[in-house]
Protein chains: 2
Amino acid sequence: MTTSELAEPRTPRRREVIPEATVARLPLYLRALHTLADEGTQTVSSEALAEASGVNSAKLRKDLSQLGSYGTRGVGYDVTHLISQISRELGLSRRCSVVLVGVGNLGRALAGYGGFASRGLAIDALLDADRAMTGEQIAGMTVRHIDDLAQVVVPGSIGVIATPASAAQEVCDLLVGAGVTSILNFAPTVLNVPADVDLRKVDLSIELQILSFHEHRKSLA
Amino acid sequence: MTTSELAEPRTPRRREVIPEATVARLPLYLRALHTLADEGTQTVSSEALAEASGVNSAKLRKDLSQLGSYGTRGVGYDVTHLISQISRELGLSRRCSVVLVGVGNLGRALAGYGGFASRGLAIDALLDADRAMTGEQIAGMTVRHIDDLAQVVVPGSIGVIATPASAAQEVCDLLVGAGVTSILNFAPTVLNVPADVDLRKVDLSIELQILSFHEHRKSLA
DNA sequence: ACGCGCTTGTGAACGCGCGCACAAAGTCAG
DNA sequence: CTGACTTTGTGCGCGCGTTCACAAGCGCGT
């Protein structure tokens, strides 16, 4: 054990791998921090930030400790510094390309949603398979035909599927074919992707059904 | 302990309490089952249904066993029967009232989203604080002013908040005041509700940020 | 300079959920 | 009627995530 007790003795930082549950909460913290920064707050305690983020304070401290120790004991966390650390970790420092496919009701809503831009995740391109849509201006962008996909995708692009369920798999395949390795699916269908592609889904109706379950439970209690 | 070893010896059914993780997957199964039913399939194995739902087959069997045993060994599950069992458990049998507040981009998309109606969860009322919107027709419904809230809420109603973040807490309080005990929040903000109110949130930008993290990770690997 | 009080960072215990692997149970052919 | 095959239902072990509780660390007042 004289020379190689540890695999990487030169990197004492603990952010080898960040738990998925922590990653899912970082955006919450980031949002709360931006609000605090806008109010002029310079320092925040884990207790206060946890309250503003809607989580437990011990959990928050453990989460933040995953990306290295950026707090000062007895004082708290520096708001600005923490924002930059979390942003960097999430890859929001340099702007990330987002390509949205499907400009129906939901697609338009997503295109106009301000929440993206304020986090460095503005949508760069709008695509649709319907040529009747092509050329239309939505949220300051011109809708292009899906055939132009290869021209708008750059390495590291994130694809967003907001098409009807019937077209989702086809669009998904096109995105994968164009080199996209991260896809967010809003269509209510299960998509098949290669193992190296990250796929996340948001089904608006599922959340309502879960609420329905709990409401139903209350009514028969 | 001679007379009361068990709390409820008369109810052998095992659906005392259904795990939250299972509840969250029931809508997935339901969707897959509806697709199968439309194709004319009458019976389905756990393996096939799991595949169609995008989950592990053992997990699916365990989930379904939570609501009682509705499968036949050697055969599988009866599609129609399973649909009705899951629907009943989720409280979708008798139509559930949904009140949507905020008819901006996202609100309009939700109002027109077909995924709700097909699951017995049609939106019943559209409300907005902006009187300029009042009277407008969206997806076959007339937008009413938020002041009419008490007139459209019935016991068991689910409230959906699709307003800007700045108005969300105020609208939330109004909903709670009107007797709503289940709320789905799309506004990117943390809401405070009494303990007896169920609150779920969907933040569209969080999912993108999580993808951004993974994409970022890939790029520096 | 020194100790007091505040806040972070984390060790440890607990509980939940996942998935394997198998026994129980039902079907179907002969 | 019997035996072989199929599929369900579940016991069990494992790993992740959450939470408590406390020691370590830092600033500030005196």
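Just so we're clear, the structure is a prediction, and the values are computed from it rather than from any experiment. What you see below is based on every heavy atom in this structure, not just the backbone, and it leaves out hydrogens, waters and symmetry mates.
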I want to check something: taking the side chain as every heavy atom from C-beta on, are B:T189 and B:K201 in contact at a cut-off of under 4.5 Å? no
Qualifying ring-ring contact (aromatic ring centres under 6.0 Å, His included) pairs with a residue from residues 80-113 of chain A, counting only residues at least two apart or across chains: A:Y70-A:H81, A:Y113-A:F116
Gap between atoms CG and P, on A:L60 and D:dG17 respectively (whole Å): 16 Å
Does the base of C:dT8 carry an N or O that pairs as donor and acceptor with the side chain of A:R73 under 3.5 Å? yes
Can you see if the side chain of B:S69 gets near the phosphate of D:dG9 - specifically, an N or O under 4.0 Å from OP1 or OP2? yes
Would you check if A:L127 and A:V171 make a side-chain contact, meaning some heavy-atom pair closer than 4.5 Å? no
Hey, are A:K218 and B:D196 close enough for a salt bridge, meaning a charged N less than 4.0 Å from a carboxylate O? no
Please tell me if the side chains of A:V154 and A:D124 come closer than 4.5 Å, counting only heavy atoms from C-beta onward. no
Hey, are the side chains of A:L67 and A:R88 touching, using non-hydrogen atoms and a 4.5 Å cut-off? no
Whole Å only: how far is the CG atom of B:L82 from the P atom of D:dT8? 11 Å
Tell me whether B:R217 is salt-bridged to A:E89, with the criterion being a basic N under 4.0 Å from an acidic carboxylate O. yes
Does the side chain of B:Y77 get closer than 4.0 angstrom to OP1 or OP2 of C:dG26 through an N or O atom? no
DNA chain C contacts made by residues 36-52 of chain B, counting heavy atoms under 4.0 Å: none
Pairs: protein N or O with nucleotides 18-20 of chain D N or O, under 3.5 Å:
| unit_1 | atom_1 | unit_2 | atom_2 | d |
| --- | --- | --- | --- | --- |
| D:dT18 | OP1 | A:R25 | NH1 | 2.8 |
| D:dT18 | OP2 | A:R25 | NH1 | 3.3 |
| D:dT18 | OP2 | A:R25 | NH2 | 2.9 |
| D:dT19 | OP2 | A:K59 | NZ | 3.4 |
| D:dT19 | O4 | A:K62 | NZ | 2.8 |

